[in-house]
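Before any comments, here is the structure.
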Amino acid sequence: MSLSLSLIYFYFSPLPLPVLTISVAIVIGVILHAGNHLACDFPRLINESNDTYDHYLKDDFGSHKPNYINLVRGIEGVTGILMVICMTIAFTLATRWFRWSLIKLPKPLDRLTGFNAFWYSHHLFVVVYILLIIHGMYLYMVHIWYLKTVYLDILSFS
């Protein structure tokens, strides 16, 4: 096992290796997906020439070219950020320090540690699935519902 995998396993042990693999894959996927939007798609859209914007993008984004904040404040941005927050809470409470109550927090924050906090935080994935459906329903530049990839994603998790 490589050093990086050993460190990941140390933080989350004794989670079964398949659970650990899936959680790390989710984190990598979220970083790539959000990073692509925040570092590539949004700046490219914002810096597009007015002629190109009017010809290709006006129907999807409106007559005024959006700025960075408008894109993040949209339904897609808000649902994406909420999904990341929910997954971060579940991922953090899955660490051995929180799951085994190794961190001693002052009252009433002491309830954020222990197996129950870990268990109940994973119920946030119901919220994440609902947000994922909403996030995908407002996909830009695809107007036919069955071409929106979120439905394929949901089916693959079922």
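Side-chain atoms are counted along with the backbone in the values below, which use heavy atoms only and exclude waters and symmetry mates.
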Distance (rounded to the nearest 0.5 Å) between T92 OG1 and R99 CZ: 12.5 Å
Sub-3.5 Å donor-acceptor pair from the side chain of K65 to the main-chain atoms of L57, do we have one? no
Measuring from C86:SG to I81:CD1, what's the distance to the nearest 0.5 Å? 12.0 Å
Give, for atom CD of E76 and atom CE of M137, the distance between the pair rounded to the nearest 0.5 Å. 11.0 Å
List the residues meeting side-chain hydrogen bond (donor to acceptor under 3.5 Å, both in side chains) with D60, not counting sequence neighbours, and say none if there are none. H143
Test log, rule side chain to side chain contact (heavy atoms under 4.5 Å, CB included), inputs D41 and L45: CA-CA 6 Å; D41 296 340; L45 174 64; over 6 Å; no
D54: side-chain hydrogen bond (donor to acceptor under 3.5 Å, both in side chains) partners, not counting sequence neighbours: none
Among residues at least two apart in sequence or on other chains, which ones pass side chain to side chain contact (heavy atoms under 4.5 Å, CB included) with D59? none
Quick one: do L109 and W97 end up in the same hydrophobic cluster if we chain Ile, Leu, Val, Met, Phe, Trp and Tyr together by side-chain heavy atoms under 4.5 Å apart? yes
Which residues satisfy the ring-ring contact (aromatic ring centres under 6.0 Å, His included) test with Y56, sequence neighbours excluded? none
In chain order, what residues pass the side chain to side chain contact (heavy atoms under 4.5 Å, CB included) check against Y68, with sequence neighbours excluded? L38, F42, P43, I46, V72
Residue set satisfying side-chain hydrogen bond (donor to acceptor under 3.5 Å, both in side chains) with T79, at least two apart, ordered chain then number -> H135
In this structure, CH2 of W100 is separated from OG1 of T95 (nearest 0.5 Å) by 10.5 Å
Can you measure from CG (L124) to CG (L93) and round to the nearest 0.5 angstrom? 9.0 Å
Could you tell me which residues satisfy ring-ring contact (aromatic ring centres under 6.0 Å, His included) with H33, sequence neighbours excluded, listed by chain and number? H37
Identify the two heavy atoms, one from F125 and one from M87, that lie closest to each other, and give their separation to 0.1 Å. CE2-CG, 3.7 Å
Please tell me if the side chains of T88 and F91 come closer than 4.5 Å, counting only heavy atoms from C-beta onward. no
Of all the heavy-atom pairs spanning Y53 and G62, show the shortest one and how long it is. OH-O, 2.7 Å
Taking the side chain as every heavy atom from C-beta outward, state whether S101 and F118 have any atom pair closer than 4.5 Å. no
Sorted by chain and residue number, the side-chain hydrogen bond (donor to acceptor under 3.5 Å, both in side chains) partners of T52 (sequence neighbours excluded) come out as S49
Trace of the side chain to side chain contact (heavy atoms under 4.5 Å, CB included) decision for V126 with Y129: CA-CA 5 Å; V126 173; Y129 278 134; 5.8 Å; no
State plainly whether one hydrophobic cluster holds both F98 and L102, where clusters connect Ile, Leu, Val, Met, Phe, Trp and Tyr through side-chain heavy atoms under 4.5 angstrom apart. yes
Please enumerate all residues that pass ring-ring contact (aromatic ring centres under 6.0 Å, His included) together with F61, with sequence neighbours excluded. Y140
Partners meeting side chain to side chain contact (heavy atoms under 4.5 Å, CB included) with L32 (sequence neighbours left out): I28
Could you state the interatomic distance from CG (L105) to OG1 (T113), rounded to the nearest 0.5 Å? 6.0 Å
Taking salt bridge (charged side-chain N to carboxylate O under 4.0 Å, His left out) as the definition, give me every residue that meets it alongside K107, ordered by chain and number, with sequence neighbours left out. D110
More than 12 heavy atoms of other residues, nucleotides or ligands under 6.0 Å from NE2 of H55: is that the case? no
Results of ring-ring contact (aromatic ring centres under 6.0 Å, His included) for H123 - residues two or more places apart only: W119, Y120
